[in-house]
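Report on one structure; see the data block that follows.
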Number of protein chains: 2
Amino acid sequence: MKEKNTEKKILEAAKIVFIEKGKDGATMQSIADKAGINKALLHYYFRSKDKLFNKIVELTIHHFLPRIEKAFLSDLDFFERIRIVIKEYITILSNNPFIPAFILHEVNRNPEGILKLVMDSGIRFDLIAKKIDIEIQRGIINISSPQHFLANLLSLCIFPIAARPLLQPIIFSNDKIAYDQFIEERKTQTADFFIQAIKA
Amino acid sequence: MKEKNTEKKILEAAKIVFIEKGKDGATMQSIADKAGINKALLHYYFRSKDKLFNKIVELTIHHFLPRIEKAFLSDLDFFERIRIVIKEYITILSNNPFIPAFILHEVNRNPEGILKLVMDSGIRFDLIAKKIDIEIQRGIINISSPQHFLANLLSLCIFPIAARPLLQPIIFSNDKIAYDQFIEERKTQTADFFIQAIKA
DNA sequence: GTCTATATCGGGATAGAC
DNA sequence: GTCTATCCCGATATAGAC
């Protein structure tokens with residue numbers, strides 16, 4: 001009946017199912033059901049499950065990375081920039097809570113595939129590392145290397161979202177509202193914590 | 001030919017394959033191959049793929065959690081205890097580097113299953129939280145809640161291991177030796193960073 | 001472009017011999 | 001306890017009508 005609309009419906013359905021079940025756990029049938037079409041039509045638009053899966057990962061990565069890079073490379077005060085990056089990052093992730101565990105699993109399953117997509121996205125991690133190194137040289141911040149800086153920053157933002165199905169029951173008695181509130185707090189508290197740790 | 005030996009070989013092979021491929025991606029055939037036996041014998045020892053998978057997860061969890069709890073509940077100086085917990089935790093994980101992403105994926109795929117095993121393990125997260133809360137009340141540490149304390153601690157220890165396939169290429173130009181060195185450094189630097197962040 | 005029907009294959013599980 | 005052979009189902013993918 002419609003052209004572009006069907007492709008869009010497929011992509012939306014595939015994103016949900018792949019992220020929830022992983023590549024292997026997802027089935028073309030369940031994706032077709034969620035999109036309101038049948039299996040054959042899936043193969044008409046995307047020739048194979050592999051191709052459909054790669055498309056979803058590509059779209060997901062291209063949606064995430066540029067926003068982070070942009071915040072990091074602005075010319076605000078360094079600590080102010082950190083606050084913005086952390087707030088922006090946690091906000092994006094909390095709106096897409098299944099992305100982190102999904103990416104982590106797929107990159108362990110097939111490192112080259114995901115990695116190629118990240119590299120092709122054109123994000124310049126080297127520039128970000130350089131910016132951080134400058135502040136270290138200046139003595140503004142106190143940490144041994146840009147690598148530790150980035151690893152700590154990413155850990156604090158990503159892990160509490162990725163591990164929610166474990167953390168919410170364990171440290172919040174499975175209280176969903178309390179965990180939502182917790183994530184909301186982290187948008188500012190993570191920056192406080194991080195800056196306190198590195199301030200010279 | 002042998003009894004206990006075969007079961008052990010199966011468990012070792014299953015652990016490797018499940019952790020690498022995830023539950024859905026692993027096949028009984030590949031597990032049998034790695035164990036040097038055939039599929040039928042797998043089903044003789046463990047009646048189904050489900051049962052074998054649950055056994056692996058159970059063994060993995062029971063191997064990890066108690067060591068963490070023990071370090072946390074000792075009666076050393078609080079900051080000294082933190083240093084030990086972090087060092088112990090990163091050491092265990094770096095010796096079992098595929099566990100974190102595996103657990104994160106499976107717990108997102110099927111939260112109840114893994115969670116039940118964690119709860120059955122008898123670990124008392126409530127006691128750990130209480131210990132932390134006491135230090136907050138005393139004014140020894142400066143953080144808003146035990147939940148943020150624990151989430152930050154776990155994030156800093158676990159994430160750099162789980163995300164290695166992404167971080168190693170991105171921030172270390174895929175230099176394996178450099179990343180090994182990086183993890184080694186984190187056994188002490190993570191504690192420095194963490195304590196600096198929370199010290200009152 | 002969308003459907004139904006079907007081919008084909010792979011993987012979990014079982015039967016039965018040794 | 002271990003093997004070979006086989007069953008059975010579900011999943012990917014294609015053929016062909018509309």
Side-chain angles (χ1 to χ4, degrees), chain A residues 1-60 98 102 105-106 108-110 113-114, chain B residues 1-60 98 102 105-106 108-110 112-114 117:
Chain A
M1 219 185 284
K2 335 95 189 178
E3 296 184 16
K4 270 294 171 193
N5 203 3
T6 299
E7 182 171 345
K8 198 175 173 185
K9 279 196 299 184
I10 291 174
L11 288 173
E12 285 169 2
K15 182 178 177 185
I16 294 171
V17 176
F18 274 134
I19 285 175
E20 184 180 338
K21 302 286 185 183
K23 180 185 175 183
D24 297 315
T27 68
M28 296 297 264
Q29 184 63 62
S30 64
I31 293 171
D33 289 348
K34 193 171 279 285
I37 56 167
N38 58 56
K39 289 185 295 178
L41 203 53
L42 273 186
H43 284 89
Y44 174 80
Y45 277 91
F46 303 86
R47 278 186 36 212
S48 69
K49 186 183 181 182
D50 262 11
K51 287 194 171 29
L52 176 55
F53 176 76
N54 284 335
K55 190 72 186 175
I56 296 298
V57 175
E58 185 187 336
L59 290 174
T60 301
F98 296 108
F102 168 71
H105 176 245
E106 297 302 339
N108 273 280
R109 216 182 46 82
N110 173 21
I114 305 263
Chain B
M1 221 184 285
K2 336 98 187 175
E3 297 183 17
K4 270 294 170 194
N5 204 1
T6 299
E7 182 171 344
K8 197 175 173 184
K9 280 195 300 183
I10 291 174
L11 288 173
E12 284 169 2
K15 182 178 176 184
I16 293 171
V17 176
F18 275 132
I19 285 174
E20 184 181 339
K21 302 286 186 183
K23 181 185 177 184
D24 296 317
T27 68
M28 297 296 265
Q29 185 63 60
S30 64
I31 293 171
D33 289 348
K34 192 170 280 284
I37 56 167
N38 58 53
K39 284 189 297 177
L41 203 52
L42 273 186
H43 285 89
Y44 175 79
Y45 277 90
F46 302 87
R47 281 183 35 212
S48 69
K49 186 184 181 181
D50 262 11
K51 286 193 172 30
L52 176 56
F53 176 76
N54 283 335
K55 189 74 187 170
I56 296 299
V57 174
E58 185 188 335
L59 290 174
T60 301
F98 296 109
F102 169 70
H105 175 246
E106 298 301 340
N108 273 278
R109 213 184 47 81
N110 174 19
E112 305 81 24
I114 306 262
L117 291 171

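Heavy-atom basis, side chains included; hydrogens, waters and symmetry copies ignored.
Across the protein-nucleic acid pair, I10(B) atom CD1 and dG1(D) atom P stand 11 Å apart, rounded to whole Å. Regarding F46(B), its CZ atom lies at a distance of 14 Å from the C1' atom of dG1(D), rounded to whole Å. With rounding to whole Å, N38(B) atom CG is found 16 Å from dA15(C) atom P. L52(A) has its CG atom 10 Å from the P atom of dA13(D), to the nearest Å. When rounded to the nearest whole Å, the span between CZ of F53(A) and C1' of dA11(D) equals 17 Å. In this structure, the CG atom of L41(A) is 15 Å from the C1' atom of dA15(D), given to the nearest Å. Distance CG (D33(A)) to P (dG10(D)): 14 Å, rounded to an integer number of Å. In this structure, Y45(A) places its OH atom 18 Å from P of dA13(D), rounding to the nearest Å.
Using cut-offs of 30° and 60° on the angle between ring planes, the pair H105(B) and H105(A) is parallel.
Side-chain nitrogen and oxygen atoms of Y44(B) include none within less than 4.0 Å of the OP1 or OP2 phosphate oxygen of dA13(C). For dG1(C), neither phosphate oxygen OP1 nor OP2 lies less than 4.0 angstrom from any side-chain nitrogen or oxygen of T6(A).
Between the OH atom in Y45(B) and the CG atom in L11(B) there is a gap of 10.5 Å [rounded to 0.5 Å].
The closest side-chain heavy-atom distance from D24(A) to K23(B) is not below 4.5 Å. E12(A) places none of its side-chain heavy atoms less than 4.5 Å from the side chain of K15(A).
The nearest heavy atom of DNA chain D to A40(B) and to A40(A) marks one nucleotide each, and the one closer to the 5' end goes with A40(B).
Test L42(A), I16(A), I37(A) against I31(A) for side-chain contact (heavy atoms from CB on, under 4.5 Å) and you get one pass: L42(A).
Taking the six-membered ring for Trp and the full ring otherwise, the centers of F18(B) and F53(B) sit less than 6.0 Å from each other.
Counted by atom type alone, Q29(A) and D33(A) present one or more donor-acceptor pairs between their side chains at under 3.5 Å.
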Sort me out a list of protein N/O and nucleotides 7-12 of chain C N/O pairs below 3.5 Å, or just none if empty.
from, atom 1, to, atom 2, distance (Å)
dG12(C), OP1, M28(B), N, 3.4
dG12(C), OP1, K49(B), NZ, 3.1
dG12(C), OP2, M28(B), N, 2.7
dG12(C), N7, K39(B), NZ, 3.4
dG12(C), O6, K39(B), NZ, 3.4

